[in-house]
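Before any comments, here is the structure.
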Amino acid sequence: MRAKLPELSRRQLLVGGGAGIGLLVAFHFWPRETLAPFGSEGGAARFSHYLKIDPKGGITALVPQVEYGQGIWAGFAALIAHELGVPRSAIAVEPAPLGPGIENAALEDAFGVHLRATAGATSIRAFEQPVREAAATAHAMLVAEAADRLDVDREEISVVGTDLVAGANCLAIADVAEAAAERAVPRSVTLRPWIQPDRSAARVDMPAKARGAWRFAADVRLPGMVYAAARLAPPGGRISAIDRGRAAERASIVQLVEREDWIAAISSSWWEAERSMASAKVRYASTDIGDAAIEAALEAALGGHGARTLADAGDARGVIGSAGGPIAETFTAAPAIPRDLEPFTAAARVRSDGGLDIWCATLAPDATRRAVAKAVSLSEDQVTLVPMPAGGRSARALDQIAAPIAAIIAREIGQPVLLCLSPTHSAAVGRLGAPLGARISATAGADGRIGGWHAVFAGQGGLGDTLTQLAGGDGARPDIAGAVPAYGIPDLLVEQASLDLDIAAGHLAGHVAGFHHFANEQIVERVARALGAEPLAFRLSMLGPRLSSLLVSAGRLAGWVGGGGAMGIACGEMDGSAMALIIEARQAGLGARVDAITAVVDAGRIIDRKLAQTAIEAGVIAGVERALSAAPALNHAMAKPVGYSPALKQLPTVRIELVERDAPPGGLSQIGAALAPAALANALSTGQRTSLPSLPFSFQGGAR
């Protein structure tokens, strides 16, 4: 039987299915144009972006967000299992195919972009409600069908495992799915009260990773495939010279494919292609941006005019100007390189109909498909993109620069190709966390708190800018997360200036917010020292109820006593979550030893406690590593990584306490990384009169 086409219900959910198909329910709001089936597989129709219950009882979620190790697929499975009432292990997950209708609403609210993207700790925040509503709708339709068949009231039906049970009678979900799809869609559904479901269930992605069956873009293999390595010029630059003879002298090199801003070697093995590129000694013509240029740009931005006002209360300039000796400090952050395990990689194949297939890790699949189509002069519907899992948490895959090049190569040589940039070159040509600056002045008030505060931040790029460009815009103003301090200050002025550097500045999770907190929290600490105040109590006097409660709990959990010893504090709100963080650390030789990390977090509804704790711990450790690692140099506007070794020689004791409450869930993948450098800086400067002025840290007294 032909599949019933989806119908739009009054609740703006699409419901379809029928004989041989099962029950299909869309889990997000849809565009206004008519949708057609995406395809058919062995009698089970597939429609774009559905929760699917097939005639054999398999329950599958087609998830719009990319799994990059953060556990989002497990989170979606937990939401669906909770509302259906089935075990989480009964839910299978697939990436949703491309198409309109599953844009990230949280990113649209925050940045005004209409885009499908996995970024900014938004996946659960954007999709929790529609996913739960879709699963609740499926549950209501299945229960209604089972009740009619068993001739009982719907209230008598319960879900046990994957069965619908009423007393001694039982029906499998698979037995009623097809008929349930023909029922009228309920006008409204009631979501179940949230409880932590099935806490012991394994993550969806872990079994495949443990077996080595989890596939990345580099694992794609196609008949007749060849391999490519490439060198790319920096943004706005071009390739100025190549030793073509040395590049092509290897017998295994099939050919070189060149454009003004990139060159690729094609071979039967990637290693030979990469050796050819190394032999070519590719040189570039571009703006030469180094430390001096960055310092000059930061000075101009911090001392000039045209900064926009982020917060203005009272008379900050007047209060600070009349103070006898305000506390003043200038802070800087060096460019930051993503340290993902996976380099830029894409596989491409030209189809017999002239269209193109592409496989790559991308956090913005529709934008990547659009870029690929433009690169090879095809319409978007002629390009089929398979979004692969990403091997890194830095958000580098938002801007998938390998995919358009792979598409061009495949078209030019007439063979499927796997293009993989080397890890070093991926770091050099990918978007950086931009250099940042801050100049802050503050005074102590007569009431024993901060009286006046004036901060000017300077930055470039960031998440809003990256997303706006991916959506086809001209860029946005720099990120402001964490710039306005979380403390109640009567006379406060916070301004944001833009840098003007010709570099590829993008989004690096926690980079911008981490610098803002790093600067703000150290000034708060210095004012407390100037007043002779105890640091934790000093902060409590200026915080609202939410953060005050978290900080008290963190102090208790960390064993904070008096001045805190070698402990440092940072607290703030980000992505709908709030955190109080205490790090215990001390200088050790040329680096630092971190002994303990204590975090107390309020993130509203916690979908999975283990996932939440893992995200927080990973974020804090990433922030600590970034603060202690060496800064990269810039050469021809490209990052030149330094040799990397873990800054933490041993992992510290980590204590995480989650405050659960029935409120919209907050994001957790960034806030730990954003607060960690600030807490660590305050721990390392305990008992000193000065702050640590730069990220990564520049230690004094014989330390790095």
Side-chain angles (χ1 to χ4, degrees), residues 28 30-33 35-36 38-39 48-49 62-66 68 95-108 111-120 122 126 217 220 230 232 235-236 259 261-262 344-351 353-390 395-412 417 419 421 429-431 461 463-476 504 506-507:
H28 199 29
W30 287 85
R32 291 165 178 78
E33 64 265 24
L35 298 177
F38 178 77
S48 299
H49 331 313
L62 278 74
V63 177
Q65 300 301 88
V66 175
Y68 59 79
L98 274 65
I102 48 174
E103 291 78 12
N104 188 320
L107 292 177
E108 186 164 5
F111 300 104
V113 294
H114 195 59
L115 189 70
R116 174 181 172 183
T118 304
T122 57
V220 173
L232 283 61
R259 295 294 186 270
D261 56 351
W262 59 265
F344 286 114
T345 306
R349 174 179 63 189
V350 177
R351 300 194 302 265
D353 63 0
L356 188 87
D357 299 325
I358 195 94
W359 291 260
C360 66
T362 169
L363 300 183
D366 292 296
T368 297
R369 181 173 68 164
R370 186 162 52 249
V372 168
K374 181 179 179 181
V376 292
S377 301
L378 292 175
S379 62
E380 289 183 44
D381 59 6
Q382 291 178 285
V383 176
T384 299
L385 187 147
V386 181
M388 305 294 288
R396 172 196 281 171
L398 272 173
D399 189 22
Q400 177 45 266
I401 59 178
I405 297 174
I408 292 171
I409 294 172
R411 286 278 295 266
E412 185 156 324
V417 64
L419 168 66
L421 304 187
V429 299
R431 290 181 181 269
L463 182 57
D465 185 81
T466 300
L467 293 173
T468 302
Q469 292 182 39
L470 290 174
D474 295 328
H507 171 58

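Reckoned from all heavy atoms, side chains included, excluding hydrogens, waters and symmetry mates. Computed from a predicted model, the values in this text were never measured in an experiment.
Val429 is not listed as a side-chain neighbour of Trp262, based on a closest heavy-atom distance of 4.5 Å or more. Using a 4.5 Å heavy-atom cutoff, the side chains of Ile358 and Val383 are in contact. Using a 4.5 Å heavy-atom threshold, the side chains of Cys360 and Leu385 count as touching.
The minimum heavy-atom distance linking Leu470 with Ala367 is given by the pair O-CB, 3.7 Å. The two residues Ala119 and Leu107 have their closest heavy-atom pair at O-CD2, 3.8 Å. Between Ala406 and Val417, the shortest heavy-atom distance links the atoms O-CG1, 3.5 Å. Listed here is the closest heavy atom pair of Val66 and Met388: CG1-O, 3.9 Å.
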Atom pairs and distances, donor-acceptor, side-chain atoms in residues 373-380, under 3.5 Å, two or more places apart:
| from | atom 1 | to | atom 2 | distance (Å) |
| --- | --- | --- | --- | --- |
| Ser379 | OG | Asp381 | OD1 | 2.4 |
| Ser379 | OG | Gln382 | OE1 | 3.1 |

Side-chain donor-acceptor pairs of residues 397-405 under 3.5 Å, sequence neighbours excluded:
| from | atom 1 | to | atom 2 | distance (Å) |
| --- | --- | --- | --- | --- |
| Asp399 | OD2 | Arg431 | NE | 3.0 |
| Gln400 | OE1 | Ala402 | N | 2.9 |
| Gln400 | NE2 | Ala361 | O | 2.8 |

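For the 3.5 Å distance criterion, the side chains of Glu108 and Asn104 fail to qualify, holding no donor opposite an acceptor.
Every residue meeting the side-chain hydrogen bond (donor to acceptor under 3.5 Å, both in side chains) condition with Thr368, not counting sequence neighbours, appears here in chain and number order: Thr362. With sequence neighbours left out, Asp357 forms a side chain to side chain contact (heavy atoms under 4.5 Å, CB included) with Arg349, Arg351, Trp359, Thr384. The salt bridge (charged side-chain N to carboxylate O under 4.0 Å, His left out) search around Glu412 returns Arg259, not counting sequence neighbours. For the side-chain hydrogen bond (donor to acceptor under 3.5 Å, both in side chains) test, no residue two or more places apart in sequence or in another chain qualifies with Thr345.
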